[in-house]
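Chain letters run A, B, ... following the sequence lines, proteins first, then strands; residues in each count from 1.
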2 protein chains.
Amino acid sequence: MALGERNEKILQAVVDSYILSGNPVASNVLCQRYDFGLSSATLRNIMAELEEMGFLTHPHTSAGRVPTDKGYRYYIDTLVCVEDETDDIEDRFSAAPRLGGGDLHALMEETSQFLAALSRNAGVVVAPAEPEGSYRHIEFVRLRGRQVLIIFVTASGLVQNKLIDLDESIDQQALNTFSRFLDEELESRSLFEIRKRLQEKLGEEKQVFTRLMDETYQASHDVHGRDAEKVFVGGAAQVLDHPEFANVEKMKALLRAFEDKYKLLKLLDMSIAAEGIKVFIGSENPYFEMQGCSLVVGKYRVAGNVVGTLGVIGPTRMQYRQAIQVVDYTSRLLSRILDERLHRGIEGK
Amino acid sequence: MALGERNEKILQAVVDSYILSGNPVASNVLCQRYDFGLSSATLRNIMAELEEMGFLTHPHTSAGRVPTDKGYRYYIDTLVCVEDETDDIEDRFSAAPRLGGGDLHALMEETSQFLAALSRNAGVVVAPAEPEGSYRHIEFVRLRGRQVLIIFVTASGLVQNKLIDLDESIDQQALNTFSRFLDEELESRSLFEIRKRLQEKLGEEKQVFTRLMDETYQASHDVHGRDAEKVFVGGAAQVLDHPEFANVEKMKALLRAFEDKYKLLKLLDMSIAAEGIKVFIGSENPYFEMQGCSLVVGKYRVAGNVVGTLGVIGPTRMQYRQAIQVVDYTSRLLSRILDERLHRGIEGK
DNA sequence: GCTTAGCACTCTGGCCAGTAGAGTGCTAAA
DNA sequence: TTTAGCACTCTACTGGCCAGAGTGCTAAGC
């Protein structure tokens, strides 16, 4: 829906002003703060028009205008341009805390805090979920008794491990051989296929290996389901400082939504197919608990492949421009960190 | 401070009634619901007496009585007896969800949820913090390039790992030798001492090993500081359902307290020296944000040694008896689960 | 035909007074 | 020592009032 340049500018001013102040925007305020060369009466007429078209509302008769979800959508789609400022983003965020100390888990947690700190909203990160069975290397370490530690190195260079118990004892030598065998097979086949072939080939003899294979296959699922699909939320308490959550019920609803990691995961993954950064505004959001909230979601990559999503959750009255920049910056930063980890491993510098 | 049997009973009735209803307890209500054989006027006199002694207060002149922190303290110390019911606890909680699926991290998270679900408050668990350098076994696995995965098996049988980068390449053979050397040394010395002796002994030659030793020593700290000292909070949102958190400010303060994991850790660890289960009531709590909250803390063990704490956080108006039972039960359950893991490893069944 | 000034109208939010209800403290009697 | 009775106090809720904010509409001006 085209609006005409003048109306567009006024819509933008209303949204900007509302985002900034949190108060419904009166025609007077608009008249004073922005230089449209129009009187408040004219602005009133235009605002009434925009309201009729569904871009603005009225809390009550004698209140100023507030953007609707449709208004925000128009604002973001056509009025927010981020690209022209990308150059100085690096500078602006360079004072931000550094990322990338510990292991994957710590990195995810830090990243969610990072997003939260920069955007002054809640930060959410979904840990890398790599395609099933995309392992570059699998290693076995015999610990004590019949315990074996399985170490998975995924295609994107992340290391995960899982401890299992075997029925029979097996020596390290055999484990090494098996590891080498698996590595070779992994070049052309999935774990599932390897397991199937092994069952057929070995039959009744060498049961230890079929067992080990079974356990490995199982463990690969566990490793996937566990760390790989985990959602990290940072700065949840600080979103509640926004005045729209002064209502206790809304506050609780949002917190419960944050605790329901599974739903969050689905929410973030919705945008995994989309290009670039996606913004979900208020009612566009399929989960009722998140009504009144907006979500800015981006993706991060390892070796060029999208492996996870990350984003910012806040009230619909959110500093979208800033949030989009933060998500954009953080996704590139995280991608770079993960890539560095990967290359350090491959090239062995 | 002795109260006399009659006054004690009345104090107990007031606290019980207040915990149950959340409303200040009027003399009338007390007279009707409990069979003291006394009129409301007499109860009024006694309550006034208890107030003078500091066990009860008054929100305002025409309101019923509410327990003070001192009142709760007396109630818990002398009026709550849990021991006589321990027999059927197992039965009562047997329908509770099972624990102990995944790795240590998952177990801690589950346990915090478990505590929350049973107590209808927030559940908190501090992951096992074992004495510095109490490793039973350290293993090195060469991955790709110059990356080495260090695997720590702690004295209580938990497995943790950390990925490091070396400057020089080192072959698996050498790593194995080094691992065996460390295992022998660990019987009598700490990692710190081993590192120091190694530096002196090796001097300038075999720098790879001094480097590796340094990295291992570093990593042992990281592993400690990371998983080992982590606090898991479950069911935070559900505490907020209690009417005492209807106030938005209190709500936020509590949530912020939950996010400050470090303080929580200190709070829980305060009771690590005490015998059995400890209850902190309202103002006994050193952290201001937790004013108005009580904390029931227990400990859990591995192989008989206390390695961590766990507890329940809720409003001072909390079902203490139930909370104490839940903490008691959960701490024994978690100890058993960890012990089982440990023994499975040692005996190799 | 668009813009503007002016004015009536509407809605909110704060303030105040009034009232019912709850529960105490005190006094005097049993 | 206990109890009945009563005055007193405080809260919470209600309705009325008023100022302030901001709109919508109308009619005049460019």
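Using modelled atom types, one finds no donor on one side chain facing an acceptor on the other under 3.5 Å when comparing A:Ser294 with A:Tyr72.
Contact check, A:Arg65 against D:dG24: a side-chain N or O comes under 4.0 Å of OP1 or OP2. A sub-4.0 Å separation between OP1 or OP2 of C:dT4 and a side-chain N or O of A:Thr42 is present. The phosphate of C:dT4 has OP1 or OP2 within less than 4.0 Å of a side-chain N or O from A:Ser39. Contact check, A:Arg44 against C:dG6: no side-chain N or O comes under 4.0 Å of OP1 or OP2.
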Determine all donor-acceptor pairs shorter than 3.5 Å in which one atom belongs to a side chain in residues 252-259 of chain B; sequence neighbours excluded.
residue  : atom : partner  : partner atom : Å
B:Arg256 : NH2  : A:Asp241 : OD1          : 3.3
B:Glu259 : OE2  : A:Ala236 : N            : 2.9
B:Glu259 : OE2  : A:Ala237 : N            : 3.2

Output a table of donor-acceptor pairs, distance under 3.5 Å, between side-chain atoms of residues 12-23 of chain B and any protein atom two or more places apart or on a different chain; print 'none' if there are none.
residue : atom : partner : partner atom : Å
B:Asp16 : OD1  : B:Tyr75 : OH           : 2.6
B:Ser21 : OG   : B:Ser17 : O            : 3.1
B:Ser21 : OG   : B:Asn23 : N            : 3.1

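We find that CD of B:Glu52 is positioned 15 Å from C1' of C:dC26, with the value rounded to whole Å. In this structure, A:Leu43 places its CG atom 10 Å from P of D:dT23, rounding to the nearest Å. Rounding to whole angstrom units, CD1 of residue B:Ile46 and P of D:dT2 are separated by 7 Å. Rounded to a whole Å, the CG atom of A:Leu56 is 15 Å from the C1' atom of D:dG22. For the pair A:Ile10 CD1 and C:dT3 C1', the computed distance is 13 Å after rounding to whole Å. Here the P atom of nucleotide C:dT4 and the CG atom of A:Asn45 are 10 Å apart, to the nearest Å.
You'll find that the side chain of A:Leu38 is closest to C:dT4, out of D:dG24, C:dT4, D:dT9.
The shortest heavy-atom contact between B:Arg73 and B:Val279 is NH2-O, 2.6 Å.
Considering B:Met318, B:Arg120, B:Gln322 in turn, B:Met318 is the only one that fulfils the side chain to side chain contact (heavy atoms under 4.5 Å, CB included) rule with B:Val312.
Atom NZ of A:Lys261 has more than 12 heavy atoms from other residues, nucleotides or ligands within 6.0 Å.
Here B:Ser27 pairs with B:Arg44 under the side-chain hydrogen bond (donor to acceptor under 3.5 Å, both in side chains) rule; sequence neighbours left out.
Within residues 18-35 of chain B, no residue has any heavy atom under 4.0 Å from DNA chain D.
Legend: side chain to side chain donor-acceptor pair (under 3.5 Å) pairs involving residues 30-43 of chain B, not counting sequence neighbours, sorted by first then second residue: B:Ser39-B:Thr42.
Under a 4.0 Å N-O distance rule, the pair A:Glu244/A:Lys250 does not qualify as a salt bridge.
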What does the list of N/O pairs under 3.5 Å between the protein and nucleotides 11-17 of chain D look like, with a distance for each?
none

